[in-house]
Amino acid sequence: MAYINEVNYQDTIRKKSIVFKSKWFDLIDSFLVIVMSCFFIVCLILIFREADLNSPNDSFVAYWILPFAMVFTLFSLYKKIREKRLLIIETNLNKIEARKEIVHIVESWGWKIYRNNANYLQATTGMGLADWGKQVIIIYADKKLFVNVMSDNPKIRMPVLFSDKSIKKDIERQITASH
C-alpha cells in the first residue's frame, strides 16, 4: 500500500501525477517490481534462445506462450512505472458540487473513506477473492476530477492493469447520470 499521508495538491495538479512524500518502503517496492520484471524478461529471452524450434511443443511455447508472457510483462512494467499518473474526468461541476457527488458515489459503492477534505478524497475498495483491493484518490478541481488508482496490497504493490480505466468510466457514468 502506498502510505500517503498528505497529497501535495498544487504539484499534483500541475504535474498530473500524484505527488506525496514517499516512505522508504514505497521506493523499495517500485525498485523490486522493476527488477523482477527485467529479470523475468531476460529469462523469457533465454528460454526462447534455448527452445528447439523444430519440436512442435517447443515451437508452440516459443511462438505463442513466450511472446504473450513478454507483452504482459512489458505492459505490467509500463503500468507500474506510470502508477502515480492521474486520469482526467471532464465535468461541469465546481469543487464543492464535485465533492458532494463523489462522496455520495463512493459511499454507495461501499468503499472505505480514509481522507476527505476540500481538495481530495482517498478511499479503498474492498478486498475480494481476485485482488487485495484498490486505493483510489480523487482530486477535485473546477470543471475537472483527477483519478488515481493503485493496488492496496500490504506486501508489494503490483501494478493496476485495467481497473483504473473501469473505475474512471464508472465515476463518469455516475456523474453524468446524476446531472
_Heavy-atom pair of closest approach, residues Phe146 and Ala141_ = CE1-CB, 3.8 Å
*May I ask whether Trp109 and Val149 are part of the same hydrophobic cluster, defined by side-chain heavy atoms of I, L, V, M, F, W, Y residues being less than 4.5 angstrom apart, directly or through others?*
yes
*Using the side-chain contact (heavy atoms from CB on, under 4.5 Å) rule, pick out the option among Ile102, Ile96, Asn94, Leu93 that qualifies with Tyr140.*
Ile102
_Considering all heavy atoms, the nearest Thr91-Lys144 contact_ = CG2-N, 3.7 Å
*Report the C-alpha distance between Leu145 and Ile88 in whole Å, list the side-chain angles of each, state the deciding distance to 0.1 Å, and finish with yes or no for side-chain contact (heavy atoms from CB on, under 4.5 Å).*
CA-CA 6 Å; Leu145 294 173; Ile88 301 170; over 6 Å; no
_What I'd like to find out is whether the side chain of Ile13 reaches to under 4.5 Å of the side chain of Ile139, using heavy atoms alone._
yes
*Give every residue pair that meets the salt bridge (charged side-chain N to carboxylate O under 4.0 Å, His left out) criterion with at least one member in residues 56-81, sequence neighbours excluded.*
Asp29-Lys80, Lys79-Asp164, Lys80-Glu83
_Any residue meeting side-chain hydrogen bond (donor to acceptor under 3.5 Å, both in side chains) with Asp142, in chain and number order, not counting sequence neighbours_ = none
*Leu44 with Val71, same ILVMFWY side-chain cluster at under 4.5 Å*: no
*What are the two closest non-hydrogen atoms of Val61 and Pro67, and how far apart are they?*
O-CD, 4.3 Å
*Using a 4.5 Å cut-off on heavy atoms from C-beta on, say whether the side chain of Val136 contacts that of Thr124.*
no
_Hydrophobic cluster membership, with links at side-chain heavy-atom distances under 4.5 Å among I/L/V/M/F/W/Y: are Val160 and Ile137 in one?_
no
*Find out if a path of hydrophobic residues (ILVMFWY) with successive side-chain heavy-atom gaps under 4.5 Å connects Phe72 to Leu66.*
no
*Would you call Tyr120 and Glu6 a side-chain contact if the rule is heavy atoms closer than 4.5 Å?*
yes
*asked:* Quick check: do Ile175 and Ile105 have side-chain heavy atoms less than 4.5 Å from each other?
replied: yes
*For Arg85, does its backbone N or O pair with a side-chain atom of Asn148 as donor and acceptor, under 3.5 Å?*
yes
_Arg14 atom CZ: more than 12 heavy-atom contacts under 6.0 Å_ = yes
*Run the numbers on Thr125 and Asp152 for side-chain contact (heavy atoms from CB on, under 4.5 Å), then give the verdict.*
CA-CA 9 Å; Thr125 65; Asp152 195 25; over 6 Å; no
*Could you pull out all residues at least two apart from Tyr63 that satisfy side-chain hydrogen bond (donor to acceptor under 3.5 Å, both in side chains)?*
none
_When you compare the side chain of Trp111 with that of Lys134, does any pair of heavy atoms fall below 4.5 Å?_
no
*asked:* Would you say the rings of Phe75 and Phe162 are close, in the sense that their centroids are separated by under 6.0 Å?
replied: yes
*Roughly how far, to the nearest 0.5 Å, is the CZ atom of Arg82 from the OG atom of Ser17?*
8.5 Å
*Check the pair Thr12, Leu86 against side-chain contact (heavy atoms from CB on, under 4.5 Å), reporting the backbone distance first and the verdict last.*
CA-CA 9 Å; Thr12 296; Leu86 296 172; 3.5 Å; yes
_Spatial distance of atom CD1 (Ile171) from atom NZ (Lys168) [nearest 0.5 Å]_ = 10.0 Å
*Spatial distance of atom CG (Asp11) from atom NZ (Lys16) [nearest 0.5 Å]*: 12.5 Å
*Roughly how far, to the nearest 0.5 Å, is OG of Ser163 from NZ of Lys169?*
14.5 Å
*Keeping the roles fixed (side chain from Ser59, backbone from Pro56), state whether a donor-acceptor pair exists under 3.5 Å.*
yes
_Closer than 3.5 angstrom, by distance alone: can the side chain of Ser37 be matched with the main-chain N or O of Leu77 as a donor-acceptor pair?_
no
*asked:* Holding to side chain to side chain contact (heavy atoms under 4.5 Å, CB included), I want the full list of residues that pass it with Ile28, two or more places apart in sequence or in another chain.
replied: Trp24, Leu32
*Locate the shortest heavy-atom distance separating Ser76 from Pro159; write the atom from each residue and the value.*
O-CG, 3.4 Å
*Side chain of Ser55, backbone of Asp52: donor and acceptor closer than 3.5 Å?*
no
*Take Gln122 and Gln135 through the test side-chain contact (heavy atoms from CB on, under 4.5 Å) and record every step on the way to the result.*
CA-CA 7 Å; Gln122 181 180 356; Gln135 176 177 267; 3.5 Å; yes
*asked:* I need the Leu87 CG to Ile138 CD1 distance, nearest 0.5 Å.
replied: 11.0 Å
*Indicate the atoms forming the closest heavy-atom contact of Glu172 with Ile89, along with that distance.*
CG-CG2, 3.5 Å
*Linked, directly or transitively: Val147 and Ile113 (ILVMFWY side chains, under 4.5 Å)*: yes
*Which pairs, with at least one residue in residues 87-113 and sequence neighbours excluded, count as a salt bridge (charged side-chain N to carboxylate O under 4.0 Å, His left out)?*
none
_Clusters formed by hydrophobic residues whose side-chain heavy atoms approach within less than 4.5 Å: which one holds Val19, and what are its other members?_
none
